[in-house]
Amino acid sequence: MNKLRFALLLILLTPFFGTLFGTAYANETGEEKAVINQLLNDFLANTINDDLKNHQRFWADDLIYTSSSGARFDKAHIIEGIEADLKATAMEHTKESHKTLPPLYWAEQTDIRIYGSTAIVAFKLMHKENANATEVKQTYFNTGTLLKRNGIWQVIAWQATKIPHEN
């Protein structure tokens, strides 16, 4: 009889616990979505004003990146490219007296889905030549998979698809 009473009590309290824990999970998920959204926007805007550190922070060491041209590479390849660009830019600045404005990137139509310590982020990447440009140069659909390790979200997989210009 005690087992029956206990079972009935559990059945009656299940909606209460579901609401309690479901709300806690929803709040946690909402907070994590905000963290990931901020991470994405900070990365695209390069809020730390250091391309190399920006990319080192965003991409996981075990990254698999598939570019819009179909090339596949890892984090080391991205870092090597940035280091080469930095060297080339440093040499150009010694020859030229003016500095060009950096390109401007931002996300639109962002959709973030969280599954425990894994998150999927999909968005439309917008690109202008620089902050003074009036026209969007190119748009891409991007989908990234992030993994939370030691309390830090990083991208472990990325897919970029170029969106053809509409006429």
Side-chain angles (χ1 to χ4, degrees), residues 27-166:
N27 289 341
E28 180 182 304
T29 302
E31 290 170 10
E32 291 293 348
K33 283 183 179 183
V35 167
I36 293 167
N37 193 53
Q38 189 67 50
L39 175 67
L40 174 64
N41 289 321
D42 286 349
F43 172 74
L44 294 175
N46 191 8
T47 57
I48 61 174
N49 295 317
D50 184 326
D51 243 6
L52 190 57
K53 287 181 183 176
N54 191 39
H55 283 268
Q56 286 173 328
R57 160 65 186 95
F58 193 69
W59 308 115
D61 290 339
D62 52 346
L63 170 72
I64 300 170
Y65 189 112
T66 304
S67 73
S68 62
S69 66
R72 183 164 286 161
F73 43 84
D74 59 9
K75 179 179 180 176
H77 179 81
I78 293 171
I79 299 303
E80 288 167 7
I82 292 168
E83 289 171 339
D85 287 347
L86 289 172
K87 286 178 187 173
T89 302
M91 293 173 63
E92 287 177 19
H93 286 307
T94 58
K95 296 177 185 175
E96 300 176 18
S97 60
H98 70 283
K99 184 178 178 182
T100 58
L101 293 172
L104 182 65
Y105 298 97
W106 70 97
E108 292 184 358
Q109 303 169 9
T110 304
D111 183 1
I112 300 170
R113 300 179 188 191
I114 298 178
Y115 307 95
S117 62
T118 304
I120 306 299
V121 60
F123 64 97
K124 186 176 182 179
L125 177 68
M126 308 300 287
H127 172 213
K128 286 186 181 182
E129 282 294 322
N130 57 54
N132 295 333
T134 57
E135 287 185 20
V136 171
K137 180 178 178 182
Q138 185 61 57
T139 55
Y140 300 82
F141 284 130
N142 282 269
T143 303
T145 303
L146 292 85
L147 191 59
K148 189 173 188 179
R149 297 176 180 149
N150 300 316
I152 298 170
W153 288 103
Q154 282 190 306
V155 176
I156 59 169
W158 199 263
Q159 171 72 47
T161 304
K162 191 179 222 179
I163 304 170
H165 287 290
E166 296 180 35

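These numbers were taken from a predicted model, which means no experiment stands behind them.
The pair Glu108-Lys124 does not meet the salt-bridge criterion, since no charged nitrogen lies less than 4.0 angstrom from a carboxylate oxygen.
Contact between Ile120 and Tyr115 at its shortest, heavy atoms only, is CG1-CE1, 4.0 Å. Nearest approach of Gly116 to Trp153, heavy atoms of both residues: O-CH2, 4.0 Å. The two residues Asp50 and Lys53 come nearest to each other via the heavy atoms OD1-N, 3.1 Å. Across every non-hydrogen atom of Leu40 and Ala107, the tightest pair is CD2-CB, 4.0 Å.
Legend: residues meeting ring-ring contact (aromatic ring centres under 6.0 Å, His included) with Phe123, ordered by chain and number and at least two apart, are Trp158. With sequence neighbours excluded, no residue forms a ring-ring contact (aromatic ring centres under 6.0 Å, His included) with Phe141. The side chain to side chain contact (heavy atoms under 4.5 Å, CB included) test applied to Leu86 returns Leu52, Ile82, not counting sequence neighbours. Legend: residues meeting side chain to side chain contact (heavy atoms under 4.5 Å, CB included) with Ala157, ordered by chain and number and at least two apart, are Thr145. Remark: Gln38 pairs with Asp42 by the side-chain hydrogen bond (donor to acceptor under 3.5 Å, both in side chains) rule, at least two apart or across chains. Among residues two or more places apart in sequence or in another chain, the salt bridge (charged side-chain N to carboxylate O under 4.0 Å, His left out) test is passed with Asp111 by Arg113.
The structure places OG1 of Thr161 at 11.5 Å from CG of Leu125, a figure rounded to the nearest 0.5 Å. The distance from atom CE of Met126 to atom CD of Gln109, rounded to the nearest 0.5 Å, is 8.0 Å. The NE2 atom of His127 lies 10.5 Å from the NZ atom of Lys162; values are rounded to the nearest 0.5 Å. Distance check, rounded to the nearest 0.5 Å: CG of Asp74 to CG of Asp62 gives 10.0 Å. Between atom CD1 of residue Ile156 and atom OG1 of residue Thr118 there is a gap of 6.5 Å, rounded to the nearest 0.5 Å. With values rounded to the nearest 0.5 angstrom, Gln159 atom CD is found 7.0 Å from Thr143 atom OG1.
For the pair Leu63/Ile78, a side-chain contact is recorded, criterion being any heavy-atom separation below 4.5 Å from C-beta on. Taking 4.5 Å as the limit, every side-chain heavy atom of Gln154 sits out of range of all side-chain heavy atoms of Asp61. Residues Trp106 and Lys128 meet the side-chain proximity criterion, which asks for heavy atoms closer than 4.5 Å. For the pair Arg57/Leu39, a side-chain contact is recorded, criterion being any heavy-atom separation below 4.5 Å from C-beta on. Under the 4.5 Å side-chain criterion, counting only non-hydrogen atoms from C-beta, Asn46 is not in contact with Tyr105. When side chains are defined from C-beta on, Ile36 counts as touching Ile114, because their heavy atoms get closer than 4.5 Å.
Dense packing is recorded around CD1 of Ile79, with more than 12 heavy atoms of other residues, nucleotides or ligands lying under 6.0 Å away.
With Asn41 contributing its side chain and Asn37 its backbone, the two residues share a donor-acceptor pair below 3.5 Å. Distance alone, capped at 3.5 Å, places no donor-acceptor pair between the Gln56 side chain and the Lys75 backbone.
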